[in-house]
Amino acid sequence: MIKTVNLRKVYTTEEVETTALNDVSVEIKEGEYVAVMGPSGCGKSTFLNVLGMIDQPSGGEYHFLGQEISKFSERKRAGLRKRNIGFVFQSFNLIDELTVYENVELPLLYLGFSPAERRTRVTEVLENMALMPRKGHFPQQLSGGQQQRVAVARAVVARPKLILADEPTGNLDSVHGEEVMKLLGELHESGTAIIMVTHAPAYADYAQRVIHLFDGQIVSENFQKGCKP
């Protein structure tokens, strides 16, 4: 599904040049569950943003679903991203003016789904995540755990091949954090590939493989023997 070769990302200002990713080469298979760990500032979020086609790499190759996309235009990257990738962020990134139903429906509007298909898909995902009783609520009326469940529902409603999760439990207590991790585990079992940035070793245990980054480079990869269900 994903292959990077000597991937680099450099941020340049008038005063300083910062290398966020330095010759990162990795392969991730369809349906794989990968955790990315490392200290703050090591390039984890940049790595996720490049894989999610939000940021363009400064050098190297990025192959996604068999296409080398590192030189794609923003428009072409956006089209590929919308059809294939869902995002879950630490800060939820829900739209306060929209209800739960409308937040989850939004990706389908962008993709041009018919009203009937949108209704079917949104209802299905809200029921699966026990959110139907909250469908008319606004984000500020929900707990942190409920908001993150809405964010996960929004990420999966278009049935993407890949979920990118950046510290999805970072703003949650342990109970709600475990709830979100179980949701991600269920998505993985259904065949969705997941790449998750986390600081928590206990949550990394849910993954099949753990990639450790340091100073923008992969320093180790561990394949898990006893992944959590």
Side-chain angles (χ1 to χ4, degrees), residues 1-13 16-72 74 76-78 80-82 84-93 151-152 155 160-171 180-181 184 187-188 192-201 203-224 227:
M1 171 179 261
I2 285 173
K3 179 180 178 181
T4 71
V5 181
N6 298 328
L7 197 69
R8 290 175 56 82
K9 181 63 181 178
V10 178
Y11 295 100
T12 304
T13 67
V16 67
E17 182 176 277
T18 303
T19 300
L21 296 176
N22 187 11
D23 292 334
V24 172
S25 297
V26 69
E27 291 191 43
I28 296 169
K29 298 176 181 178
E30 290 196 27
E32 194 173 4
Y33 192 161
V34 177
V36 181
M37 301 190 74
S40 297
C42 73
K44 300 186 302 297
S45 293
T46 298
F47 183 52
L48 224 57
N49 287 341
V50 171
L51 295 186
M53 304 176 215
I54 294 172
D55 288 347
Q56 194 159 14
S58 305
E61 300 176 11
Y62 176 25
H63 300 259
F64 183 76
L65 297 176
Q67 300 182 79
E68 209 292 298
I69 66 165
S70 59
K71 300 299 189 293
F72 275 19
E74 168 55 31
K76 201 168 182 180
R77 292 202 315 272
L80 197 59
R81 179 173 64 238
K82 286 191 295 185
N84 294 288
I85 301 176
F87 294 86
V88 181
F89 301 97
Q90 177 178 340
S91 55
F92 316 139
N93 283 11
V152 173
K161 294 180 174 66
L162 172 66
I163 294 290
L164 298 177
D166 193 354
E167 293 282 359
T169 61
N171 286 332
V180 168
M181 292 307 303
L184 292 176
L187 291 171
H188 171 243
T192 304
I194 297 173
I195 305 175
M196 173 187 65
V197 164
T198 181
H199 279 103
Y203 294 151
D205 285 346
Y206 282 83
Q208 297 168 306
R209 176 163 45 134
V210 181
I211 294 173
H212 295 269
L213 286 178
F214 187 77
D215 286 349
Q217 295 181 305
I218 294 177
V219 293
S220 67
E221 292 186 60
N222 302 331
F223 289 85
Q224 313 268 65
C227 304

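- Between the side chain of S25 and the backbone N or O of N6 there is at least one donor-acceptor pair closer than 3.5 Å.
- Judged purely by atom type and a 3.5 angstrom limit, H188 uses its side chain to pair as donor or acceptor with the backbone of G31.
- A donor-acceptor contact under 3.5 angstrom links the side chains of E68 and S70, judged on distance only.
- The salt bridge (charged side-chain N to carboxylate O under 4.0 Å, His left out) analysis of residues 19-31, with sequence neighbours excluded, yields no pairs.
- Between the side chain of Y33 and the main chain of A193, no donor-acceptor pair closer than 3.5 Å is present.
- The closest side-chain heavy-atom distance from I85 to L164 is below 4.5 Å.
- The closest donor-acceptor contact from the side chain of T4 to the backbone of L7 lies at 3.5 Å or more, if one exists at all.
- With contacts defined as side-chain heavy-atom distances shorter than 4.5 Å, the pair M53/L80 qualifies.
- Side-chain contact annotation: H212 with E221, donor-acceptor N/O pair under 3.5 Å absent.
- Between M196 and the choices V210, L184, V36, the side-chain contact (heavy atoms from CB on, under 4.5 Å) rule is met once, by L184.
- Side chain of T12 to main chain of E17: no donor-acceptor pair is present (N/O by atom type, distance under 3.5 Å, no hydrogens or angles).
- For R8 (side chain) and G60 (main-chain N/O), no donor-acceptor pair under 3.5 Å exists by modelled atom type.
- Put simply, the side chain of T198 gets close to the backbone of A200: a donor and an acceptor are under 3.5 Å apart.
- Aromatic ring pairs are classed by plane angle as parallel below 30°, tilted from 30° to 60° and perpendicular above 60°; the pair F87 and F89 is parallel.
- In summary, the side chains of R209 and Q224 do not present any donor paired with an acceptor at a separation below 3.5 Å, with no hydrogens or angles considered.
- I28 CD1 to I194 CD1: the interatomic distance, rounded to the nearest 0.5 Å, is 12.0 Å.
- For residues 41-64, no residue pair satisfies the salt bridge (charged side-chain N to carboxylate O under 4.0 Å, His left out) rule, not counting sequence neighbours.
- Using modelled atom types, one side-chain atom of N171 and one backbone atom of Q90 make a donor-acceptor pair closer than 3.5 Å.
- A side-chain donor-acceptor contact under 3.5 Å links K9 to the backbone of Q56.
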